[in-house]
Number of protein chains: 2
Amino acid sequence: MPSDELKSILKKHKLRITDCRTDVLNLFIQKGSALSQGDLEHQLGAYDRVTLYRTLNSFLQAGILHKIPNATGVATYGLCHHTCSPNDHNHNHIHFKCNACGQIECLEDKAVPQISVPKGYQIEVVNMIVDGICPSCA
Amino acid sequence: MPSDELKSILKKHKLRITDCRTDVLNLFIQKGSALSQGDLEHQLGAYDRVTLYRTLNSFLQAGILHKIPNATGVATYGLCHHTCSPNDHNHNHIHFKCNACGQIECLEDKAVPQISVPKGYQIEVVNMIVDGICPSCA
DNA sequence: ATAGCTTATGCAACTAAATTGCATTTATAA
DNA sequence: TTATAAATGCAATTTAGTTGCATAAGCTAT
Ligand SMILES: [Mn+2]
Ligand SMILES: [Mn+2]
Ligand SMILES: [Zn+2]
Ligand SMILES: [Zn+2]
């Protein structure tokens, strides 16, 4: 993606434009799938782990990325494709984790179905994670 | 829960009966909510961290516990209320995580709704985690 | 009940990920 | 261009998860 577009995305979210941030953002856009901090470290070796860590946190805060729950213990992050802001993350799509290659993807077109919970419980966010085999691994 | 019942549960799953295992099992039954290894360490200080770690793994294997995905990074485990065996964990219920007290519960009565995924994806397991406020914290 | 075999436990050590403090560098707005 | 606030890198710490090995304990067959 052209550098100008990357910068405008950062600007839109009121983040200072730095090399690390544009590179991280670009990687997320290129890859299309969810990435962990380790993925970033591996593919953007130029930057310190801590800087990548803080970049992820900035992006979370800003609403550029969302955190994807999973049982493996390593946090993964996906691009917010819809308009998200720090206080209003707005995600409603299913996540898919491939048991073969380990990749996690956002299935943007698949909405999380409506559910009900017992009396007394208040719903704030609903996450749905599908484990299985992705098309590339089938 | 009476010691005899605890022992028979362990026996049913072909696990040797030890103090640690009966205490851990008893704690899960008493609490009713999901627990992390840290929770066990805190509440069953008599046992070594590694022993608790291996107890959790044995229980997972045996089908006594199931792992509950969440975005916090610490693994939590819940009792399998239905018949589960090592090769056939059979869970279909929603999990609820309270954003106030942090507790995670199994909503046994709330089934995970059926979903469809894009062509080429194969579903193996579906997890649904609801974040919100639990009745005790409301 | 006991002996013998198998499994569980505790300790120490190690890995990996997440997190913090602080000095230095860099981005941005005046 | 300069002043200010924020981002970065490095070092160090915390936390969770994991493995190896010697010892202790559970279980089964005699
Ligand atoms: Mn997503
Ligand atoms: Mn459950
Ligand atoms: Zn795959
Ligand atoms: Zn609560």
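Quick note on labels: first sequence line is chain A, next is B, and so on, each numbered from 1.
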(request) To the nearest Å, give me how far apart CG (B:Asn57) and P (C:dT9) are. (result) 12 Å
(request) Starting at atom CG of A:Leu52, determine the distance to atom P of D:dA7, rounded to an integer number of angstrom. (result) 15 Å
(request) Would you kindly give the CD-to-C1' distance between A:Gln37 and C:dT19, to the nearest whole Å? (result) 10 Å
(message) From CD of A:Gln61 over to P of D:dA6, roughly how many Å is that when rounded to an integer?
(response) 14 Å
(message) How many whole angstroms separate atom CZ of A:Arg21 from atom P of D:dG9?
(response) 12 Å
(message) From NZ of A:Lys14 over to C1' of D:dA5, roughly how many Å is that when rounded to an integer?
(response) 17 Å
(request) Find which nucleotide of DNA chain D each of B:Lys11 and B:Glu41 is nearest to by heavy atoms, and output the residue with the more 5' nucleotide. (result) B:Glu41
(request) Rounded off to whole Å, could you give me the CG-to-P distance for the A:Leu56 and C:dA17 pair? (result) 13 Å
(request) Go through the N and O atoms of the side chain of B:Arg54 and the base of D:dG17, and report whether any donor-acceptor pair is under 3.5 Å. (result) no
(message) Assess, by modelled atom type and distance only, whether the side chains of B:Ser116 and A:Lys110 contain a donor and an acceptor separated by less than 3.5 Å.
(response) yes
(message) Just the rounded figure in Å: distance from P of C:dT9 to CD1 of B:Ile17.
(response) 12 Å
(message) Does B:Arg49 contact D:dG17 through a side-chain donor or acceptor facing the base, at a distance under 3.5 Å?
(response) yes
